[in-house]
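Here's the structure we're looking at; comments come further down.
Values below: all heavy atoms of this structure, side chains included; hydrogens, waters and symmetry mates excluded.
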Amino acid sequence: MSLQWERVKEYQDIIYERAEGIARVTINRPEVHNAFRPETIKEMIDAFNHIRDDDSTGVVLLTGAGDQAFCSGGDQRVRGHGGYVGEDDHVPRLNVLDLQRQIRSLPKPVIAVVAGYAIGGGHVLHVVCDLTIAADNARFGQAGPRVGSFDAGYGATLLGRIVGHKKAKEIWFLCRQYTAQEALEMGLVNAVVPLERLHDEAIAWAKEILKMSPTAIRFLKMAFNADTDGLAGLQMLAGDATMLFYMTDEAKEGQRAFLEKRAPDFSKFRRLP
Ligand code: S0N
């Protein structure tokens with residue numbers, strides 16, 4: 001299933017393209033197994049900001065260039081005192097945490113499309129995606145305790161919700177790697193397909209989702225966040241409810257009355273059971 005991908009914007013570390021309602025963001029640093037540096041994350045944040053506002057996009061595919069790696073986490077060559085150091089401002093930062101929240105709050109499904117390694121911070125990126133399609137060569141795992149780091153946010157807690165606490169602690173404490181089949185068995189991925197079919201399969205899943213009600217999908221994503229993300233999750237769900245309420249005559253009557261300097265008349269609106 002080949003699509004005519006259109007490049008939306010040019011970047012150095014990523015490729016951002018779209019076709020037929022699907023956006024695809026590719027981490028493009030295959031020489032380091034698609035490890036990310038601060039600039040990579042800045043570009044991804046910019047692309048995801050655009051995707052949020054782009055009404056033509058309904059589903060996002062997040063992937064890595066080549067078939068050896070989805071992402072191998074933070075680029076260890078630029079890890080400095082307190083975070084990953086950008087070339088431009090030389091400030092150490094962990095801006096991948098901003099990207100994680102952005103993927104979570106995006107009101108459109110994000111599918112991780114994983115060939116090869118999803119390791120360390122790269123593993124966390126697939127964990128925060130809504131769905132994961134894995135190629136049969138995919139390898140999953142955390143590496144932090146081996147290289148002197150950890151992600152005690154979504155990387156630990158959301159993983160625990162997905163695979164259970166015992167398994168999540170095993171993944172973090174032992175830093176083993178797991179095959180695609182093992183990941184499927186523990187509920188860490190949604191499907192495993194032969195490598196050569198990976199992108200077609202992801203596109204097929206995206207197209208299936210695109211046939212659904214976008215508002216229903218949006219509310220469902222936010223409902224899962226409300227369950228896992230505390231008040232921040234509730235805020236996202238509540239914001240969506242407000243957005244829908246603004247579209248009703250009842251809400252519009254309140255606004256009109258204010259602008260017309262009169263008392264609002266809500267009497268015609270029913271109190272539904
Ligand atoms: C993925 C692994 C297992 C693949 O092994 P393989 O097949 O033997 O390939 P290599 O020869 O090792 O790799 C090929 C080339 O790619 C380079 N490379 C690979 N990964 C990285 C990386 N992460 N950073 C920089 N370079 C990388 C190799 O060096 C090699 O290049 P050459 O040929 O030039 O030598 C294996 O590669 C592996 O184990 N990689 C490292 C995995 C890892 O430790 N990742 C980092 C884990 N930590 C994070 O991701 C932190 C995330 C984060 O930002 C964060 C978030 C929240 C809170 C805290 C943090 C935090 O800072 O920790």
If two hydrophobic side chains count as joined below 4.5 Å and joins carry through other members, does [X] share a cluster with [Y]?
{"X": "Phe140", "Y": "Phe173", "value": "yes"}
{"X": "Leu131", "Y": "Leu62", "value": "no"}
{"X": "Val113", "Y": "Val60", "value": "no"}
{"X": "Leu61", "Y": "Leu106", "value": "no"}
{"X": "Val128", "Y": "Ile14", "value": "yes"}

Exceeds 12 heavy-atom contacts within 6.0 angstrom, atom [atom1] of [X]:
{"X": "Glu260", "atom1": "CD", "value": "yes"}
{"X": "Leu231", "atom1": "CG", "value": "no"}
{"X": "Gln235", "atom1": "CD", "value": "no"}
{"X": "Asp89", "atom1": "CG", "value": "yes"}

Of all heavy-atom pairs between [X] and [Y], which one has the smallest distance, and what is that distance?
{"X": "Arg52", "Y": "Pro107", "value": "CG-CD, 4.2 Å"}
{"X": "Ala168", "Y": "Gly160", "value": "CB-CA, 3.6 Å"}
{"X": "Pro264", "Y": "Gly254", "value": "CB-CA, 4.5 Å"}
{"X": "Ile119", "Y": "Ala143", "value": "CG2-CB, 3.9 Å"}
{"X": "Ala251", "Y": "Phe245", "value": "CB-O, 3.0 Å"}
{"X": "Ile22", "Y": "Ala206", "value": "CD1-CB, 3.7 Å"}

Is the shortest heavy-atom distance from the side chain of [X] to the side chain of [Y] under 4.5 Å?
{"X": "Val85", "Y": "Arg37", "value": "no"}
{"X": "Ile133", "Y": "Trp205", "value": "yes"}
{"X": "Val8", "Y": "Ile51", "value": "no"}
{"X": "Leu244", "Y": "Phe219", "value": "yes"}
{"X": "Arg218", "Y": "Ser213", "value": "no"}
{"X": "Leu125", "Y": "Phe70", "value": "yes"}
{"X": "Ile203", "Y": "Leu3", "value": "yes"}
{"X": "Glu43", "Y": "Lys9", "value": "no"}

Point to revise | Stepwise side-chain contact (heavy atoms from CB on, under 4.5 Å) test for Lys108 and Val59 | key: CA-CA 6 Å; Lys108 305 170 185 189; Val59 178; over 6 Å; no

Any carboxylate oxygen within less than 4.0 angstrom of a Lys/Arg side-chain nitrogen, looking at [X] and [Y]?
{"X": "Asp229", "Y": "Arg101", "answer": "no"}
{"X": "Glu10", "Y": "Arg7", "answer": "yes"}
{"X": "Glu20", "Y": "Lys207", "answer": "yes"}

Practice item. Could you list all the side chain to side chain donor-acceptor pair (under 3.5 Å) pairs where at least one residue sits in residues 246-256, not counting sequence neighbours? Key: Glu253-Arg262

Please confirm whether the backbone N or O of [Y] pairs with a side-chain atom of [X], one donor and one acceptor, at under 3.5 Å?
{"X": "Trp172", "Y": "Phe150", "answer": "no"}
{"X": "Thr228", "Y": "Phe224", "answer": "yes"}
{"X": "Glu6", "Y": "Glu17", "answer": "no"}
{"X": "Asp130", "Y": "Val110", "answer": "yes"}
{"X": "Ser72", "Y": "His33", "answer": "yes"}
{"X": "Asn137", "Y": "Gly116", "answer": "yes"}
{"X": "Lys221", "Y": "Ala216", "answer": "no"}
{"X": "Arg146", "Y": "Cys175", "answer": "yes"}

Practice item. Go through the steps for Val32 and Arg77 under the test side-chain contact (heavy atoms from CB on, under 4.5 Å), then give the verdict. Key: CA-CA 10 Å; Val32 284; Arg77 297 169 309 176; 3.4 Å; yes

Study note, to complete from the structure: His199 meets the ring pair (Phe, Tyr, Trp, His ring centres under 6.0 Å) criterion, sequence neighbours left out, with none

Exercise for review: For Glu39 and Tyr84, test the side chains for any donor-to-acceptor distance below 3.5 angstrom and give the result as yes or no.
Suggested key: no

Exercise for review: Compute whether any side-chain donor of one residue and acceptor of the other, for Asn225 and Arg104, lie under 3.5 angstrom apart.
Suggested key: yes

Working to the nearest 0.5 Å, report the span between [atom1] of [X] and [atom2] of [Y].
{"X": "Ile41", "Y": "Leu94", "atom1": "CD1", "atom2": "CG", "answer": "10.0 Å"}
{"X": "Asn28", "Y": "Tyr11", "atom1": "CG", "atom2": "OH", "answer": "13.5 Å"}
{"X": "His50", "Y": "Thr57", "atom1": "NE2", "atom2": "OG1", "answer": "8.0 Å"}
{"X": "Cys71", "Y": "Asn34", "atom1": "SG", "atom2": "CG", "answer": "6.5 Å"}
{"X": "Ile111", "Y": "Arg24", "atom1": "CD1", "atom2": "CZ", "answer": "12.5 Å"}
{"X": "Phe48", "Y": "Asp98", "atom1": "CZ", "atom2": "CG", "answer": "13.5 Å"}

Practice item. Verify side-chain contact (heavy atoms from CB on, under 4.5 Å) between Met44 and Ile27, making sure each step is shown before the conclusion. Key: CA-CA 8 Å; Met44 291 173 81; Ile27 306 174; 3.9 Å; yes

Exercise for review: Under the salt bridge (Lys or Arg N to Asp or Glu O under 4.0 Å) rule, what do Lys42 and Asp13 come out as? Steps first, then yes or no, please.
Suggested key: CA-CA 10 Å; Lys42 271 188 204 166; Asp13 285 10; over 6 Å; no

Exercise for review: Could you tell me if the ring centre of His123 sits under 6.0 Å from that of Tyr117?
Suggested key: no

Practice item. Test Gln142 against Asp151 for side chain to side chain donor-acceptor pair (under 3.5 Å), laying out the working first. Key: CA-CA 9 Å; Gln142 295 298 156; Asp151 182 341; over 6 Å; no

Pairs of donor and acceptor atoms involving the side chains of residues 185-198, under 3.5 Å and at least two apart or interchain, shall be tabulated with distances.
unit_1 : atom_1 : unit_2 : atom_2 : d
Glu185 : OE2    : Gln181 : NE2    : 3.4
Asn190 : OD1    : Thr132 : N      : 2.8
Arg197 : NH2    : Glu201 : OE1    : 2.8

